[in-house]
Amino acid sequence: MRIIRRLVEIREFLPAMQEKYQPNQIEQVAQAHWNKTRSFNVDSSGDKPKYYCLSMFPYPSGKLHMGHVRNYTIGDVLARTYKMRGFNVLQPMGWDAFGLPAENAAIQNSVPPAKWTYDNIAYMKQQLQSLGFALDWERELATCKPEYYKWNQWLFVRMLEKGIAYKKTQVVNWDPVDQTVLANEQVIEGRGWRTGAIVEKREIPGYYLAITQYADELLSALDTLPGWPERVKLMQANWIGKSTGVRFAFSYELDGQRELMWVFTTRADTIMGVTFCAVAAEHPLATRAALNNPQLAAFIDECKHGSVMEADMATMEKKGMRTGLFVEHPLTGAKVEVWVGNYVLMSYGDGAVMGVPSHDERDFAFAKKYGLTITQVIAVEGQTFSLDGWQEWYADKQRGVCVNSGKYDGLGYAAAVDAIAADLAAKGLGEKKVQFRLRDWGVSRQRYWGCPIPLIHCDACGTVPVPDDQLPVKLPEDCVPDGSGNPLAKRADFVDCACPKCGKPAKRETDTMDTFVDSSWYYARYSVDAATRTANDRMVDAGTQYWMPVDQYIGGIEHAILHLLYSRFWTKVMRDVGLVKKDEPFANLLTQGMVLNHIFSRRTDKGGIEYFAPDEVDLVRDDAGHVIGATLKADGSTIDYGGVGTMSKSKRNGVDPQSLIEQYGADTARFFMMFASPPEQTLEWSDSGVEGAYRFMKRVWAFGVQLKSGCAGPGAPTALRREVHLLLKQANYDLGKLQFNTVASACMKMLNALEKAPADPHAREGFSILLCVLSPIAPHIAHALWIELGYGPDILQAAWPEPLDEALVQDKQELVLQVNGKLRGSIKVKVGADRTAIEAVALASEEAQKFMAGLPAKKVVVVPGRLVNIVV
RNA sequence: GCCGAGAUGGCGGAAUCGGUAGACGCAGCGGACUCAAAAUCCGCCGCCGCAAGGUGUGGGGGUUCGAGUCCCCCUCUCGGCACCA
């Protein structure tokens with residue numbers, strides 16, 4: 001019995017090479033090896049250069065989706081490549097564990113969000129492990145754990161002390177039936193998702209982080225990030241939206257008081273064309289005017305209903321109503337009527353705008369709609385102004401000069417703005433100002449499943465921060481939200497507390513933090529050393545100084561603005577508090593595209609839409625092969641083909657990674673993900689594409705089996721050797737560009753070449769190169785074959801291959817032959833032949849003679865190493 | 001609506017500096033093996049054409065000996081828009 005067990009152990013340790021590719025067995029052995037040898041557990045020491053490779057952590061929604069597999073495979077390919085290139089590589093993983101879906105699940109299934117979240121984490125962790133990612137699991141974190149969010153709270157208190165965190169009112173979506181605040185995604189066509197009640201805009205107090213204090217730095221520091229995609233930097237710059245203009249005031253007298261109504265404009269040069277002003281519904285002037293005007297009060301009320309989303313604000317019908325109040329033009333003294341406009345935002349600038357209908361498209365439409373005066377004050381030579389319709393040039397800053405503007409007539413944009421700003425300043429009614437589109441970050445959420453805001457409200461002392469030694473304020477984990485109100489507010493054991501200042505009974509703040517706070521610094525927490533993870537006596541430590549910044553960050557393009565901007569801001573605050581020395585968290589950024597699949601649906605009798613999973617339908621194609629429709633496998637009925645779209649539960653077009661791994665193995669899943677498209681582009685799911693990847697794995701294995709039984713030695717350079725090294729050169733170049741689909745393709749080409757010449761003396765060397773290049777993408781099969789063929793004990797310890805010059809040399813090369821730019825043939829010349837020699841060979845060639853048709857060559861273009869073009 | 005990105009065979013995609021368009025893979029077609037099927041292997045495969053050849057990178061125009069690549073205009077698709085993450 002003992003002997004048999006011993007034999008079994010030996011077999012497991014050194015299995016005889018299987019003829020057949022058996023991914024599940026190979027993958028378990030490889031993963032066990034990495035665990036046992038602690039291949040991916042690292043510390044912040046040693047003389048290797050460091051490489052911090054980070055993929056955006058997942059929300060624990062239940063199970064992994066293909067977007068995760070794609071994201072983490074991209075990161076893993078980089079991590080493994082850098083490891084083989086001799087870097088000390090950190091690749092951690094964790095959980096963005098607070099958020100709305102846990103509360104939704106609680107409402108549906110009566111499970112506490114904590115339990116739901118922890119169960120999901122356990123399942124998804126096992127899924128991640130089965131994919132063989134090179135992760136340091138000892139650094140795993142979950143943002144819903146007190147040891148993590150303690151530091152959200154701690155830094156929040158520091159921000160309060162520095163005046164970065166402050167309180168003001170915020171506008172939220174309010175569900176009057178559930179008496180609760182709704183997220184934008186919970187508002188469907190203006191109604192609450194659960195109650196169907198018409199949603200109101202409501203102003204409630206909340207805490208803000210003054211990200212605008214950092215606006216200038218967040219903008220200018222984009223120039224210090226050459227490793228970020230230009231489009232992401234551009235999106236951030238537009239989001240921050242720095243604009244230089246003039247802030248000035250219209251004065252008015254009301255109830256015996258002299259008051260000022262401030263506005264901001266980037267077009268002060270058009271100030272003489274002001275024919276009206278518009279204020280937001282929440283503006284004090286609007287409130288005052290509505291006191292004795294029920295119609296206006298009703299309109300303001302209407303404005304306060306409806307969406308708080310910018311997209312809705314921009315597309316909705318622009319409406320306004322007179323207030324009956326007039327303000328005084330600061331330069332002309334003319335009376336200007338004030339309107340309430342539903343398109344004016346209280347949260348931007350001062351909540352009021354000047355109306356210059358002649359030179360602002362929106363004002364033009366507004367004035368036409370309500371019959372307001374339109375006065376041209378900018379002219380462009382050769383253009384005629386007319387009220388028939390809006391013309392682009394009306395708003396042209398570059399070419400226009402002032403007209404109908406008194407002393408400013410004839411001035412261009414810059415001169416006019418300078419003169420007008422000076423005159424306003426002289427009257428004390430305005431000055432030049434830089435304004436940002438960026439707004440301060442509202443972090444209060446009226447939700448249960450989030451990090452408690454560490455504040456206590458005391459009748460005597462006011463709002464008091466929780467002292468550091470009482471942090472963290474722990475969130476009770478046994479609440480089950482039911483969708484109405486915030487469950488925390490109903491928990492006396494949470495709410496009732498003693499004031500830290502005077503000791504009298506007080507109430508704890510029940511708002512929690514935006515989950516973007518959690519994800520704004522997790523990358524720094526991963527980097528702390530083991531001792532800090534145990535003691536948890538500091539937010540970051542020497543490990544952070546060693547690992548930061550993240551060398552490569554990888555995540556979805558949908559995070560291009562908010563998450564990345566908040567993280568940059570948080571890093572700068574941590575720097576200013578003295579926690580880190582770096583200005584920016586992410587040196588290089590890769591924004592991966594979405595994973596798409598086909599969408600099939602049909603209208604139901606009730607007018608809704610019913611979706612079908614791709615494996616429930618057959619495609620209908622036209623003669624050219626285009627998909628024109630689909631039928632249901634079950635009953636043959638016709639359904640609609642909706643093209644491709646992001647995989648989602650609601651559209652039923654998701655593919656479960658689990659069944660994929662079980663059927664084909666992790667290597668096939670990873671290989672397909674890398675091969676199907678370059679990382680930055682969208683990826684279309686294809687079952688047969690996965691089959692293709694699987695076929696390739698089987699061929700790699702079969703070639704390994706074949707090579708093991710008949711090994712040739714070294715010899716003179718061959719065409720195979722040159723081809724493999726050329727492909728290696730290409731693969732290394734593509735790796736530098738993070739273009740992994742062509743790296744996978746190079747692996748396939750190498751195998752194609754090897755299969756054609758299995759007896760070549762360089763086949764063994766060629767296969768070792770193939771295994772190395774393949775190993776970051778499909779690490780398990782590479783690990784197994786590396787050992788089987790005796791290349792070494794562990795492919796992770798192998799040096800990354802570089803192409804050899806001696807393998808690449810050749811004496812003759814082929815050049816493309818063109819006549820008048822059209823491909824007509826090719827010629828062979830000696831490498832290094834001069835222009836004249838090449839021209840002679842080209843002109844003498846049969847094809848050139850034929851297509852020149854006896855005409856003399858006007859010109860011969862020679863591109864060395866590429867082509868010859870004869871122009872006649 | 002605003003900001004950003006993209007469009008190449010039947011499909012996913014390749015083409016590094018303006019230089020052979022369609023690498024690699026999928027699907028399809030033909031063949032080998034098999035009693036048969038699957039798996040595997042070999043061959044063909046943009047479109048029109050018997051061929052010579054012509055034509056072709058979302059549409060229209062331009063620059064160039066030469067344009068998928070550069071410039072101008074247009075169409076469509078996708079991402080973000082501040083409480084989804």
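Not measured: the values here are computed from a predicted model. Atoms considered below: every heavy atom in the structure, side chains included; atoms not considered: hydrogens, waters and symmetry mates. Just so it is clear: chains get the letters A, B, ... in the order the sequence lines come, proteins before strands, and each one is counted from 1.
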Within the structure, does a side-chain N or O atom of [X] lie under 4.0 Å from either OP1 or OP2 of [N]?
X       : N      : value
K749(A) : G25(B) : no
N741(A) : A14(B) : yes
K850(A) : G53(B) : yes
T515(A) : A85(B) : yes
R445(A) : C83(B) : yes
K737(A) : A15(B) : yes
Q739(A) : A15(B) : yes
R695(A) : A27(B) : yes
K698(A) : A39(B) : no

Between [N] ([atom2]) and [X] ([atom1]): distance, integer Å:
X       : N      : atom1 : atom2 : value
K822(A) : U20(B) : NZ    : P     : 16 Å
Y448(A) : C83(B) : OH    : C1'   : 19 Å
E185(A) : A85(B) : CD    : C1'   : 9 Å
L596(A) : G6(B)  : CG    : P     : 16 Å
R439(A) : C81(B) : CZ    : P     : 12 Å
E691(A) : A27(B) : CD    : C1'   : 12 Å
L774(A) : C24(B) : CG    : C1'   : 14 Å
Y733(A) : A14(B) : OH    : P     : 13 Å

Base, sugar-phosphate alone, or nothing: which one does [X] contact when heavy atoms must sit under 4.0 Å apart?
X       : answer
W239(A) : base
F696(A) : nothing
F57(A)  : nothing
R824(A) : sugar-phosphate
Q186(A) : nothing
E814(A) : nothing
V181(A) : base
P58(A)  : nothing
Q446(A) : base
E680(A) : nothing
H559(A) : base
N752(A) : sugar-phosphate
S677(A) : sugar-phosphate

5'-most contact on RNA chain B (nearest-nucleotide basis), Q681(A) vs F98(A), goes to Q681(A)

Assert: residue with more 5' nearest nucleotide on RNA chain B, out of L234(A) and A744(A), is L234(A)

The side chain of [X] lies closest to which of these nucleotides: [options]?
X       : options                : answer
T742(A) : A14(B), A27(B), C83(B) : A14(B)
T682(A) : G13(B), C24(B), C83(B) : G13(B)
A311(A) : C24(B), C83(B), G1(B)  : G1(B)
N238(A) : A85(B), C83(B), G4(B)  : G4(B)
M235(A) : C84(B), A82(B), G79(B) : G79(B)
M594(A) : G79(B), U20(B), C83(B) : G79(B)
E684(A) : G12(B), C26(B), A85(B) : G12(B)
E558(A) : C83(B), G80(B), G13(B) : G80(B)
F675(A) : A14(B), G12(B), C83(B) : G12(B)
L823(A) : U20(B), A85(B), U55(B) : U20(B)

Only residue of W521(A), Y214(A), F516(A) satisfying ring-ring contact (aromatic ring centres under 6.0 Å, His included) with F569(A) is Y214(A)

The residue among Y664(A), F740(A), W685(A) that forms ring-ring contact (aromatic ring centres under 6.0 Å, His included) with F672(A) is W685(A)

[X] bridged to [Y] by N-O distance under 4.0 Å:
X       : Y       : value
K850(A) : E847(A) : no
E846(A) : R824(A) : no
R194(A) : D178(A) : yes
R447(A) : E103(A) : no

Plane angle bin for H563(A) and H559(A) - parallel if under 30°, tilted between 30 and 60°, otherwise perpendicular: perpendicular

Ring-ring centroid check [X] [Y], cutoff 6.0 Å:
X       : Y       : answer
F675(A) : F696(A) : no
Y553(A) : W228(A) : no
Y566(A) : W441(A) : yes
F98(A)  : Y149(A) : yes

Expected list for residues 862-872 of chain A near RNA chain B, using heavy atoms below 4.0 Å, is V863(A), R866(A), L867(A), N869(A), V871(A)

Sorted by chain and number, sequence neighbours left out, salt bridge (charged side-chain N to carboxylate O under 4.0 Å, His left out) with E361(A) holds for none

Output row for RNA chain B, stems defined as at least 3 consecutive Watson-Crick or G-U pairs under 3.5 Å, is B:1-7 with B:75-81, B:10-12 with B:24-26, B:28-32 with B:40-44, B:46-48 with B:53-55, B:58-62 with B:70-74

Syn within 90° of 0, anti beyond: C11(B) is anti

Per the glycosidic torsion and the 90° limit around 0, nucleotide G9(B) is syn

* Residue pair E684(A) / S677(A), side-chain donor-acceptor N/O under 3.5 Å -> no

Nearest heavy-atom contact between P679(A) and I74(A) is CB-CD1, 3.8 Å

